[in-house]
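Beneath this line is the structure, given in structure tokens, with notes to follow.
Residue numbers start from 1 in every chain, and the chains themselves are labelled A, B, ... in the order their sequence lines are given, proteins ahead of strands. Because the structure is a prediction, the values reported are computed rather than measured.
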Protein chains: 2
Amino acid sequence: MQGPTGTTDVMKALTLARGGVRDMVSDDSDTTIHAPPRRLTIEHVAAEAGVSVATVSRALRGLPNVTPSTRERVRAVADRLNYHPDPAATRLAAGRTGTVTLAIPSLFGWYFSTVIAGAEAVCADAGLEFQVIAVSTPTHRDRLLDESRRLERRTDALILVDVTIEPEQVASLERRGVGLATIGSNVVGHPSVCIDDELVGQIAAEHLLALGHRRIGVIGGRPEGPMSFDVPEARWRGFSRELAAADVAVDHECNVNGNFSLDGGYEAMTQLLRAPSRPTAVFAMSDEMAFGALMACNEHSLRVGTDISLIGVDDHEFSRVVDLTTVRQPVADHGSVVARLLVAALRKSARHAGDPGEPVVGASDEHDEPVRPAVSLVERSSTGSISCT
Amino acid sequence: MQGPTGTTDVMKALTLARGGVRDMVSDDSDTTIHAPPRRLTIEHVAAEAGVSVATVSRALRGLPNVTPSTRERVRAVADRLNYHPDPAATRLAAGRTGTVTLAIPSLFGWYFSTVIAGAEAVCADAGLEFQVIAVSTPTHRDRLLDESRRLERRTDALILVDVTIEPEQVASLERRGVGLATIGSNVVGHPSVCIDDELVGQIAAEHLLALGHRRIGVIGGRPEGPMSFDVPEARWRGFSRELAAADVAVDHECNVNGNFSLDGGYEAMTQLLRAPSRPTAVFAMSDEMAFGALMACNEHSLRVGTDISLIGVDDHEFSRVVDLTTVRQPVADHGSVVARLLVAALRKSARHAGDPGEPVVGASDEHDEPVRPAVSLVERSSTGSISCT
DNA sequence: CTGTTAGCGCATTCAG
DNA sequence: CTGAATGCGCTAACAG
């Protein structure tokens with residue numbers, strides 16, 4: 001069986017003999033007469049360590065079947081040579097990509113970038129490459145998910161941030177062994193983090209009711225893109241239920257769409273202020289919209305906290321600058337928490353790899369319930385008792 | 001030469017014969033008796049189209065040596081089968097990774113996330129995968145850059161955002177054919193975009209001087225991490241030069257470190273307000289620091305724009321919320337502009353690939369001068385004529 | 001213009 | 001515990 005590979009091996013041997021491995025240790029090997037091999041491969045390490053490539057591979061990855069002394073020697077050589085396995089080759093041979101992909105409606109904005117930052121940090125720590133991809137339209141999302149066959153070769157796992165996913169798409173990912181984790185929605189059997197959005201609405205309502213407000217406007221609305229728009233819905237449910245319980249009239253009319261953006265908030269607030277019976281308080285479903293609302297109030301020379309009360313959601317880093325009362329959620333944790341869960345799941349499935357029958361990364365019983373970070377009221381000066389104007 | 005590969009080919013043939021390609025078109029092929037081939041490869045497409053794999057490869061990549069009719073047929077088959085080449089295999093065989101990596105001091109904050117968003121969009125459009133990596137310490141940076149050998153296998157190009165790089169590191173990247181582009185600093189021969197920071201300082205000074213201010217504080221300072229700290233330095237140069245030209249005293253004492261963060265700005269402003277001769281105006285080198293300064297002013301019950309003037313840099317999306325005067329820079333463009341330049345450079349070098357002698361992606365004469373987006377003064381209410389208190 | 005074939009660098013059976 | 005051989009899926013010469 002020396003067939004065609006014979007010539008190859010000879011060439012490799014020559015290459016190794018010619019320049020020697022030493023030349024590759026430093027970056028500036030231009031002084032050598034013979035051009036050194038451009039790429040440092042596992043073979044060089046093997047040659048230098050006097051073992052086979054298989055042993056190097058095993059030693060470097062910490063597999064069990066290696067004598068401690070051998071392992072040490074190989075490690076030392078690899079270190080000295082500054083050898084790092086080519087990820088592309090590893091992917092091709094092993095099937096794993098060592099990459100986590102995060103899909104998110106947008107890369108803009110405090111909420112999203114905070115989530116991204118949290119996830120990136122965890123992945124970097126775990127030695128995983130981290131890719132981001134903006135899925136701003138449902139079409140984008142479907143292109144991403146429906147071609148899960150393509151996804152499978154690109155990434156080991158997918159983190160969905162405020163991106164909805166259909167059951168069939170989940171099944172497809174599972175079948176292909178692509179890990180899945182979500183933020184902002186819950187997929188049974190997979191790690192997910194999402195706050196209790198009804199509670200968010202309820203807390204806001206309680207606070208405003210306690211201050212004596214009865215005529216309350218809401219800035220919510222469905223954001224653009226494939227964002228899970230049950231979020232605003234859930235917040236509205238919690239909010240309106242609480243109002244109803246206090247016998248306060250609630251009509252959908254007072255709920256205007258702010259698109260979860262600064263400008264949207266501004267527009268929405270402007271609209272609310274034009275209404276015949278102007279509200280004495282406004283619940284904005286995100287701080288960013290609240291900031292827009294703030295601008296509108298300023299324009300109308302309304303003193304926020306006195307003439308009108310305003311409460312947001314998030315506890316945006318900027319909220320304390322403008323002294324905005326808000327329902328806080330620990331956004332910074334969202335990304336890191338899912339990422340951690342995901343990494344753990346990946347590690348586990350990596351151990352079971354080879355187990356016949358079950359998909360490598362599938363649904364797990366441990367993730368029946370999503371992680372629910374606590375939300376809490378942060379009182380600042382943008383809300384106050386109802387004035388008797 | 002039918003050596004060992006003989007058996008392989010036979011197996012492949014069997015695999016193809018057994019399940020047939022049709023089974024792979026839909027995701028739910030569980031109904032088939034024989035398990036279909038798990039992965040759809042170029043061979044299936046070739047078989048189905050009745051051509052060789054080489055032809056498929058050429059056809060799909062738009063290489064010239066293919067008859068239009070053949071190309072169409074192959075394309076159709078690939079489409080129908082929903083075939084996508086395995087990126088790992090492509091990387092291994094072709095050497096290119098189809099990936100762009102962006103290194104940035106932090107993923108947090110408006111400036112950084114805006115830059116990231118801009119770059120991602122362009123890369124996604126160009127069909128390139130987009131990786132982000134936070135390099136928060138100089139050590140991180142060196143680990144990233146000094147192992148350029150490792151980088152080479154991971155990415156086709158690197159975008160450095162406010163990350164400094166040594167000439168040797170640049171040379172190393174060039175030698176390895178890794179593309180390079182920078183934001184916030186200029187590397188001769190590579191695409192880069194950076195504003196005229198001296199001009200920024202000058203504009204701020206001019207504005208405050210025109211309003212009659214003579215006792216001016218500055219919030220700048222060196223940010224943490226490997227961020228190119230010539231930015232604050234350049235702004236200070238432009239600023240102090242302008243003051244000097246107007247015969248206004250400038251001492252380094254009035255330049256306090258705000259770390260380019262909200263809290264840093266707050267601390268810095270607090271310090272400035274404690275000074276024996278309190279400044280009548282303050283130049284914060286970023287809007288975020290200005291926001292922190294704003295908080296400090298509020299705490300001291302100072303009316304910004306009347307009792308004290310405040311000017312920032314960036315035109316952060318929230319600047320209009322708090323009506324902050326600022327020196328605007330088109331941050332949203334930064335990321336997209338470099339990315340576009342980089343993509344163009346990559347395309348060009350891809351065409352020249354194979355040219356012996358020169359590195360695939362090296363320095364280019366076209367990029368001698370960095371792109372310098374225009375900066376401009378945005379007057380709002382946070383600055384005003386000096387009051388006679 | 002098209003097909004054949006040899007690797008890309010590593011993981012992984014299978015024999016020792 | 002270690003080594004030799006095979007193939008992951010594709011690209012890139014090189015033949016035809």
Side-chain angles (χ1 to χ4, degrees), chain A residues 1-12 15 37-47 49-61 63-71 73-74 78 83-98 152-153 350 353-354, chain B residues 1-12 15 37-47 49-61 63-71 73-74 83-98 150 152-153 350 353-354:
Chain A
M1 280 296 213
Q2 261 296 58
T5 55
T7 64
T8 305
D9 292 337
V10 168
M11 288 190 54
K12 280 179 183 168
T15 309
R38 295 261 329 152
R39 299 170 184 281
L40 178 57
T41 77
I42 197 173
E43 302 215 16
H44 297 97
V45 180
V51 295
S52 74
V53 293
T55 302
V56 174
S57 175
R58 287 187 285 244
L60 258 30
R61 284 181 307 147
L63 294 190
N65 323 333
V66 183
T67 308
S69 70
T70 314
R71 184 190 305 282
R73 191 153 39 89
V74 172
Y83 165 77
H84 295 276
D86 182 331
T90 304
R91 287 169 194 208
L92 188 55
R96 278 171 287 95
T97 65
E152 154 192 22
R153 330 284 254 294
Chain B
M1 281 296 216
Q2 262 295 54
T5 56
T7 64
T8 305
D9 293 337
V10 169
M11 288 191 56
K12 281 178 183 168
T15 309
R38 295 259 330 150
R39 298 170 184 282
L40 178 57
T41 77
I42 197 174
E43 302 215 15
H44 296 98
V45 180
V51 295
S52 75
V53 291
T55 303
V56 173
S57 175
R58 287 187 285 245
L60 259 31
R61 284 182 305 151
L63 294 190
N65 324 331
V66 183
T67 309
S69 70
T70 314
R71 184 190 304 282
R73 192 153 38 88
V74 173
Y83 165 77
H84 295 276
D86 182 330
T90 304
R91 286 168 195 210
L92 190 56
R96 278 172 284 94
T97 64
R150 192 171 66 133
E152 154 192 22
R153 330 284 253 295

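Of the inter-residue distances, the one linking A:N65 atom CG with A:T70 atom OG1 reads 11.5 Å to the nearest 0.5 angstrom. Expressed to the nearest 0.5 Å, how far OG1 of A:T97 lies from CG of A:L92 amounts to 12.5 Å.
Within 4.0 Å of A:N65, counting heavy atoms only, lies at least one base atom of the nucleic acid. Here B:R61 lies in heavy-atom contact (under 4.0 Å) with sugar-phosphate atoms only.
Taking 4.0 angstrom as the limit, B:T55 places a side-chain polar atom (N or O) nearer than this to OP1 or OP2 of C:dG3. The side chain of A:S52 places no N or O atom within less than 4.0 Å of a non-bridging phosphate oxygen (OP1 or OP2) of D:dT2. Side-chain nitrogen and oxygen atoms of B:T70 include none within less than 4.0 Å of the OP1 or OP2 phosphate oxygen of C:dC1. Distances shorter than 4.0 Å separate none of the side-chain N or O atoms of A:T90 from OP1 or OP2 on C:dG9. Between A:T41 and the phosphate of C:dC8, there is no side-chain N or O to OP1/OP2 separation shorter than 4.0 Å.
Rounding to whole angstrom units, CG of residue A:L40 and P of C:dC8 are separated by 14 Å. Straight-line distance from the CZ atom of A:R96 to the P atom of D:dC8: 17 Å, rounded to whole Å. Atoms CG (B:D86) and C1' (C:dG9) sit 14 Å apart, rounded to a whole Å. At whole-Å resolution of the value, CZ in B:R153 and C1' in C:dC10 are 11 Å apart. For A:H44 and C:dC8, the NE2 to C1' distance is 13 Å, given to the nearest whole Å.
Heavy-atom minimum distance, A:D86 versus B:R153: OD2-NE, 3.4 Å.
Comparing A:V53 and A:R73, the nucleotide of DNA chain D nearest to each residue sits closer to the 5' end for A:R73. Toward the 5' end of DNA chain D, the nearer of the two residues B:Y83 and B:R58, judged by each one's closest nucleotide, is B:Y83. When each of A:A94 and B:R71 is assigned the nucleotide of DNA chain C with its nearest heavy atom, B:R71 is the one assigned upstream, toward the 5' end.
For B:R91 and C:dG9, a side-chain-to-base donor-acceptor distance below 3.5 Å is absent, hydrogens and geometry of angles not being considered.
The side chain of B:L92 approaches C:dC8 more closely than any other nucleotide in the set C:dT13, C:dC8, D:dT11. Distance from the side chain of A:A89 is smallest to C:dG9 among C:dG9, D:dC1, C:dG3. Side-chain proximity of B:A93 to C:dT2, D:dC10, D:dT2: nearest is D:dC10.
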Check: So B:R58 and B:V74, side chain to side chain contact (heavy atoms under 4.5 Å, CB included) or not? Walk me through it.
Finding: CA-CA 10 Å; B:R58 287 187 285 245; B:V74 173; over 6 Å; no

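The main-chain N or O of B:L63 is found under 3.5 Å from a side-chain atom of B:R71 such that the two form a donor-acceptor pair. The backbone N or O of B:S69 sits nowhere less than 3.5 Å from a side-chain atom of B:T67 that would complete a donor-acceptor pair. Counting only distance, with no hydrogens or angles, the side chain of A:R91 and the backbone of A:G98 share no donor-acceptor pair below 3.5 Å.
When the C1' atoms of four end pairs are superposed on the next four at each end of the helix from C:dC1-D:dG16 to C:dG16-D:dC1, using five pairs per end, the two resulting axes differ in direction by 30°, to 10°.
Under the 3.5 Å distance criterion, with hydrogens and angles disregarded, a donor-acceptor pair is assigned to the side chains of A:R61 and A:S57.
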